[in-house]
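Notes follow once the structure below has been shown.
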Amino acid sequence: IIGAVAYLLLNSRNAARPEAIAAMMSDSAVEVTEPDGKDWIVFSPVAETPTTGFIIYPGGFVDPVAYAPVARDIAKEGYLVIIDPMPLNLAVLGIEGADDIIDAFPELSIWTIGGHSLGGAMAAEYTFRNPGAIDGLALWAAYPSANTDLSAFAIEAVSIYGDADGVASINDILDGADRLPHDTVFVLIPGGNHTHFGHYGEGLQRGDNPAGISREEQQQIVVDSTLGMISAAEADN
């Protein structure tokens, strides 16, 4: 019972904010769908047919809808973006979820993946377990686990982190740097914290620090830096 209560509290604390829920609506630039029989949230650009996809693994105990604004902004640039909700909101329980997504969109020739916190670590783990499946990796306040070594992988990668993050510290991020591809781009967000990588919660995620910049400023850096990785992956292919 105690475990169930803790689970409910953690999930309710990290519920999607109103602006994230609003980003779930289709408009003239991006169509948002939730395919029958799947729990994916798919963001498709309206003006063009994408050839590159980006899969998002949400952070632990965070409502996947919290990443809708970032997903929408990336999709606007011509990419298919899929948020992959996880069992019990824990990406460690759904590491191979990208398999079904990739299989469902055979028309796409380039696949990139990323995620926030635990989601980012598990996106790295998926990449490690499936050599050749992924062309690019974006880590948002995340780093590969100790036994996940991507240093020899010929993929594009970006690691985006904040110096006010109380959950994934700078030391944690940099300690994992030698397990990433040798030309990984590291993007430090001055004043960035852990919570502002998504749109969730009424305050700070447990253990986090107040941000020194606005959520909108931080997320713009996240979007721009992730788009840079995706564009580089396209250029490689």
When you compare the side chain of [Y] with that of [X], does any pair of heavy atoms fall below 4.5 Å?
{"X": "Ile113", "Y": "Phe54", "value": "no"}
{"X": "Val42", "Y": "Ser44", "value": "yes"}
{"X": "Phe186", "Y": "Thr184", "value": "yes"}
{"X": "Tyr200", "Y": "Gln205", "value": "yes"}
{"X": "Ile189", "Y": "Val222", "value": "yes"}
{"X": "Ser117", "Y": "His194", "value": "yes"}
{"X": "Met122", "Y": "Leu90", "value": "no"}
{"X": "Pro45", "Y": "Val30", "value": "no"}

Does Glu217 use its side chain to pair, donor to acceptor, with the backbone of Ser214 at less than 3.5 Å? yes

Donor-acceptor check, side chain of Arg17 to backbone of Gly201, threshold 3.5 angstrom: yes or no? yes

Assigning hydrophobic clusters by single linkage (Ile, Leu, Val, Met, Phe, Trp, Tyr; side-chain heavy-atom cutoff under 4.5 Å), is [X] placed with [Y]?
{"X": "Tyr57", "Y": "Leu80", "value": "yes"}
{"X": "Tyr143", "Y": "Ile170", "value": "yes"}
{"X": "Phe128", "Y": "Leu137", "value": "yes"}
{"X": "Ile110", "Y": "Ile74", "value": "no"}
{"X": "Leu88", "Y": "Leu118", "value": "yes"}

Expected list for residues 228-237: side-chain donor-acceptor pairs under 3.5 angstrom, two or more places apart:
residue: Glu234; atom: OE1; partner: Tyr79; partner atom: OH; Å: 2.8
residue: Glu234; atom: OE2; partner: Thr52; partner atom: OG1; Å: 2.9
residue: Asn237; atom: ND2; partner: Ala233; partner atom: O; Å: 2.7

Over all atoms of both residues, closest heavy-atom pair of [X] and [Y]:
{"X": "Gly198", "Y": "Arg215", "value": "O-NH1, 2.7 Å"}
{"X": "Ala124", "Y": "Leu139", "value": "CB-CD2, 4.3 Å"}
{"X": "Ser225", "Y": "Val158", "value": "O-CG1, 4.1 Å"}
{"X": "Phe197", "Y": "Ile160", "value": "CZ-O, 3.5 Å"}
{"X": "Val46", "Y": "Glu31", "value": "CG2-N, 3.8 Å"}
{"X": "Ala141", "Y": "Ala168", "value": "O-CB, 3.5 Å"}

Start with the C-alpha distance between His196 and Gln219, add both sets of side-chain angles, then the distance that settles side-chain contact (heavy atoms from CB on, under 4.5 Å), and finish with yes or no. CA-CA 7 Å; His196 284 183; Gln219 293 209 352; 5.5 Å; no

Side-chain polar contacts of residues 175-182 - donor-acceptor pairs under 3.5 angstrom, sequence neighbours left out - could you list them?
residue: Arg179; atom: NE; partner: Pro144; partner atom: O; Å: 3.4
residue: Arg179; atom: NE; partner: Ser145; partner atom: O; Å: 3.0
residue: Arg179; atom: NH2; partner: Pro144; partner atom: O; Å: 2.7

Residue pairs fulfilling side chain to side chain donor-acceptor pair (under 3.5 Å) with at least one residue in residues 126-140, sequence neighbours excluded: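 The answer is Glu96-Arg129, Glu96-Asn130, Asp99-Tyr126, Glu125-Arg129, Trp140-Thr226.
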
